[in-house]
Student: 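Below is one structure. I have some questions about it.
A quick note: this is a predicted structure, and the numbers were derived from the prediction, not measured. By convention in this document, chain letters (A, B, ...) are assigned in the order of the sequence lines, proteins followed by strands, and residues within each chain are numbered from 1.
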Amino acid sequence: MVRPLVLQAVKEAITSAQHAGELPSFMPLPEIHIEHPRQPEHGDYATNIALQLARTARMSPQHIAATIARHITSADLQAEAVNGFINFRLSPAFLAAQVEHILQQGERWGEINLGNGRKAQVEFGSANPTGYATLGTGRNVVVGDVLANTLAASGYQVHREWYVNDAGSQIRVFGESVFARYAQALGLDEPMPERGYHGDDVAEIGRIIAEREGERFLHLPRAEAIRAIAEIGVALVMDQIKRTMQRLGVHYDNYFSEKSLWASGLGDQMLARLQQKGLILQHDGALWFSEDGSPIRSSQSDAEETPTTDEAGKRLPVQAVVMRSSQVAPLPEERPTYFASDIAYAYHKVILRGFNPAIYVWGEDHQASVERLYAVARALELPEGSIKVVIYRFITLMRGGVEVRMGKRKGNALLIDDVLDEIGTDAFRYIMLARSVDTKFTFDIALLQEQNEKNPVYYIQYSHARICSLEARAVAEGWEQDRTASLHYTHPAELALIRKLLELPEVVELVANTLQPHHYPTYARDVAYLFSKFYEECRIKGASPSTVFARLQLARATRLTLAKVLKLMGLSAPEKM
RNA sequence: GCGCCCAUAGCUCAACUGGAUAGAGCACUUGACUUCGGAUCAAGGGGUUGUGGGUUCGAGUCCUGCUGGGCGCGCCA
């Protein structure tokens, strides 16, 4: 990576200036930021360190910048002090050497080492197994998958997991819904349950069970039949979800059952541990987790919303139910709350399996759970920073210019499979990635086909295919007469392209640190654009032997870069289109 | 009522986490190949970054008031 080299040069220059008595000693030296200036005439990298030091040094920023710039000795970096900034320009020789470096790295180009081989997990998808995977889950899955790719490219050993919420009353309601559809498929007039799941997917599952299993569940006691059918239904839903994930190009290492946390006894074990710490309290017949053991503030069902902050706006300790009372939940298996399972699950991830970080990808409807999860992490004394939650904003679905409120129970949710039928995996993934997770975006199904043809993903893939074709042609027609010439680049389009290529590891680092994958599409488009410009302005065929070689090498380095960023996004890098 | 998030070009979004003249795509206007893939390239119009204050050398970015929107605050899942 280039950035650390610049950083090192700045540090050395400051030290050198201090030895020369031209700068005072700064105790402590503030963090030095090396950034890419927006304006190309400001160079390849820049730092504002002089502006930051001006106050403590009691010198003008201009003077400090000039002093530091004077002490930059690296031959690769040309330093210039302007307006208190220090701008750096990479020498053409250095840029040429970097092209060779990229080619040497090959498929590993762009990878960095933040993890040192540590185990990391990304848990994503994890939609309730009460229906097929929907559009909202699509955003979750693609974001999670790309974060996993990024950690894998950052020196982590990455584990991908889907959490199957196969416990609780929702499964009973789902079972009742499937049972009704099953009975209807067999010609009976069975009504759907209150708050049932009305989607076509649930109806399909009812039909499948009717076909495979016949009438045998009609002869069982109702509760028993529903339990059995719920189990079969969940399995069928998960089968379909797995097929959808395969279409999306996502490979999970594990599907983790919520129920297993209680079957293994880990759930109760964790509650006992927290109880010993005095953090589990009984209240109105239910068991509560109280972050600091303070009395339960409220549980009155007719009360206003329970405040989460006090009058001064300070966050109140987290309190939440872990075990429902027998009055509310007569069935023992429906007593543990989601939150109770989350406690055991977090422990299982971080302590039993050693994932650090364990990253959760959650929709914005789970934002209230984030503070709770962090409180649990503290209570269980999980290592600081081992739990990280990414919250993404919902997708607004438009049908014919009208907003549609999607709901699994209502049965009007748009399925991933249906969208994939329309536009394919690459376009779908690109759409899901191109926006910051903090932005809610609208998905207009009427404009889908029309907009799909203009999807920037094709522009990026086209560049890749074009380079492949270019290389093949160069070989076939014997363009390269001299493969030993030293690389030399002078054309602005060449230099601009090389500079952009060199940013790849920085982009990987940025995504790894911010957990925001939308930087890849932006970057990939920039690379493709600069390549097109280079391609237009710098002819290869017919140039001098050393130029042909240098430009083909640059094209190859571009292909490696595009292939890598496409791979990070989980997109195909076609050789022909 | 309280909390989290969002508001940037006609539309969809960026802006490397406080830097220098806020950038792309789409749409619109105009131009460019008898040579490497036209799914391309070049040029142009389009902005008081919702709004009022504040912090500082410097704010789309941080704090704060307001406006509009999304989500949440349950012994739902």
Student: Does a side chain donor of either A:D426 or A:Q461 reach within less than 3.5 Å of an acceptor in the other side chain?
Tutor: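 Result is yes, a qualifying pair exists.
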Student: Is B:U17 in the syn or the anti form, by the rule that syn lies within 90° of 0?
Tutor: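 Nucleotide B:U17 adopts syn.
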Student: How is A:A465 classified with respect to the nucleic acid when contacts are heavy atoms under 4.0 Å: base, sugar-phosphate, or nothing?
Tutor: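 If one applies the 4.0 Å heavy-atom cut-off, A:A465 turns out to touch a base.
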Student: Between B:G23, B:C75, B:C36, spot the one nearest the side chain of A:D284, thanks.
Tutor: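 Selected nucleotide (nearest to the side chain): B:C75.
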Student: Hey, which of these two, A:E334 or A:H33, hits RNA chain B nearer its 5' end, going by closest nucleotide?
Tutor: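 With A:E334 and A:H33 compared, the 5'-side residue is A:H33.
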Student: How close or far is atom P of B:G72 from atom CD of A:E371, stated in whole angstroms?
Tutor: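 Taking atom P of B:G72 as the reference, CD of A:E371 is at 17 Å.
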Student: Any donor-acceptor pair, under 3.5 Å, between the side chain of A:D365 and the base of B:G72, if you only look at N and O atoms?
Tutor: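 When only heavy-atom distances are counted, A:D365 does not reach the base of B:G72 through any donor-acceptor pair under 3.5 Å.
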Student: Report which part of the nucleic acid A:C538 touches: base, sugar-phosphate, or nothing (heavy-atom distance under 4.0 Å, all strands).
Tutor: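 Here A:C538 touches the bases of the nucleic acid.
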Student: Find the distance A:H518:NE2 to B:C13:P and express it as a whole number of Å.
Tutor: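 Answer to the nearest Å: 12 Å.
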Student: If we take the C1' atom in both B:G58 and B:C62, what is their distance in whole Å?
Tutor: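 To the nearest whole Å, 13 Å.
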Student: Is any NZ, NE, NH1 or NH2 atom of the basic residue among A:R499 and A:D44 found under 4.0 Å from an Asp or Glu carboxylate oxygen of the other?
Tutor: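 Between A:D44 and A:R499 there is a salt bridge, with a charged N closer than 4.0 Å to a carboxylate O.
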Student: Can you find a heavy atom in the side chain of A:I112 that is under 4.5 Å from one in the side chain of A:M1?
Tutor: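 Result yes, sub-4.5 Å side-chain heavy-atom pair found.
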Student: Once you round it to whole Å, what is the distance between P of B:A7 and CZ of A:R393?
Tutor: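 Checked: the CZ to P distance equals 11 Å.
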Student: With respect to the phosphate group of B:U21, does any side-chain polar atom (N or O) of A:H42 fall under 4.0 Å of OP1 or OP2?
Tutor: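 Answer is no, no contact under 4.0 Å.
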Student: Send over the distance from A:F85 CZ to B:U21 C1', rounded to a whole Å.
Tutor: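 Computing the A:F85:CZ to B:U21:C1' distance gives 13 Å.
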Student: Kindly confirm or rule out a cation-pi arrangement of A:R435 over A:F441, judged by NZ or CZ under 6.0 Å from the six-membered ring centre and within 45° of its axis?
Tutor: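 Cation-pi check for A:R435 and A:F441: passes.
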Student: Return the value, rounded to whole Å, for the distance between atom CE of A:M398 and atom C1' of B:G69.
Tutor: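 Checked: the CE to C1' distance equals 14 Å.
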Student: In whole angstrom, give me the gap between the P atoms of B:U61 and B:G50.
Tutor: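 These two P atoms come out 8 Å apart once rounded.
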Student: Reckon A:N128 touches a base, only the sugar-phosphate, or nothing at all at heavy-atom distances under 4.0 Å?
Tutor: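 Sugar-phosphate: the residue A:N128, judged by heavy atoms under 4.0 Å, touches backbone atoms but no base.
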Student: Which value, in whole Å, describes the distance between the C1' atoms of nucleotides B:U67 and B:U55?
Tutor: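 Roughly 23 Å separates the two C1' atoms.
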Student: C1' atom, B:C33 versus B:U40: distance in rounded Å?
Tutor: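 Roughly 10 Å separates the two C1' atoms.
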Student: Any side-chain donor paired with an acceptor under 3.5 Å for A:Q170 and A:N128?
Tutor: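 There is such a pair between these side chains.
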Student: Does any N or O donor sit under 3.5 Å from an N or O acceptor when you compare the side chain of A:Q367 with the base of B:G3?
Tutor: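 Result: at least one qualifying N/O pair found.
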Student: Expressed in angstrom and rounded to an integer, what is the separation of A:E509 atom CD from B:U17 atom P?
Tutor: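 Distance, rounded to whole Å: 10 Å.
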Student: Check whether the side chain of A:T439 and the base of B:C13 form a donor-acceptor pair under 3.5 Å.
Tutor: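 For A:T439, whose side chain was compared with the base of B:C13, there is no donor-acceptor pair (under 3.5 Å).
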Student: With a non-hydrogen cut-off below 4.0 angstrom, is A:R539 in contact with a base, only sugar-phosphate, or nothing?
Tutor: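 The answer is base, as A:R539 lies within the cut-off (heavy atoms under 4.0 Å) of a base atom.
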Student: Looking only at side-chain N and O atoms, does A:H36 offer a donor or acceptor that is under 3.5 Å from a partner on A:E506?
Tutor: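 The answer is yes; a qualifying pair exists.
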Student: Pairing donors with acceptors under 3.5 angstrom, does anything connect the side chains of A:S369 and A:Y338?
Tutor: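 Note: A:S369 and A:Y338 side chains miss the donor-acceptor criterion.
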Student: Whole-Å distance between B:A39 P and A:F531 CZ?
Tutor: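 Rounding to the nearest Å, CZ of A:F531 and P of B:A39 are 15 Å apart.
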Student: Do the side chain of A:N455 and the base of B:A39 come within less than 3.5 angstrom through a donor-acceptor pair of N or O atoms?
Tutor: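 Under the 3.5 Å cut-off, the side chain and the base do not form any donor-acceptor pair.
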Student: Quick check on RNA chain B: between A:K576 and A:E41, whose nearest nucleotide comes earlier from the 5' end?
Tutor: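 Looking at the nearest nucleotide for each, A:E41 comes out on the 5' side.
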Student: Which whole-number value in Å describes the distance from A:Y392 OH to B:G70 P?
Tutor: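 Value for this atom pair: 18 Å.
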Student: Does a side-chain N or O from A:Q52 land closer than 4.0 Å to OP1 or OP2 of B:G58, or not?
Tutor: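 For A:Q52, the contact criterion (side-chain N or O under 4.0 Å from OP1 or OP2 of B:G58) is not met.
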Student: When you measure from the side chain of A:L51, which nucleotide among B:C75, B:C71, B:G19 comes out closest?
Tutor: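 Looking only at heavy atoms from C-beta outward on A:L51, the closest nucleotide is B:G19.
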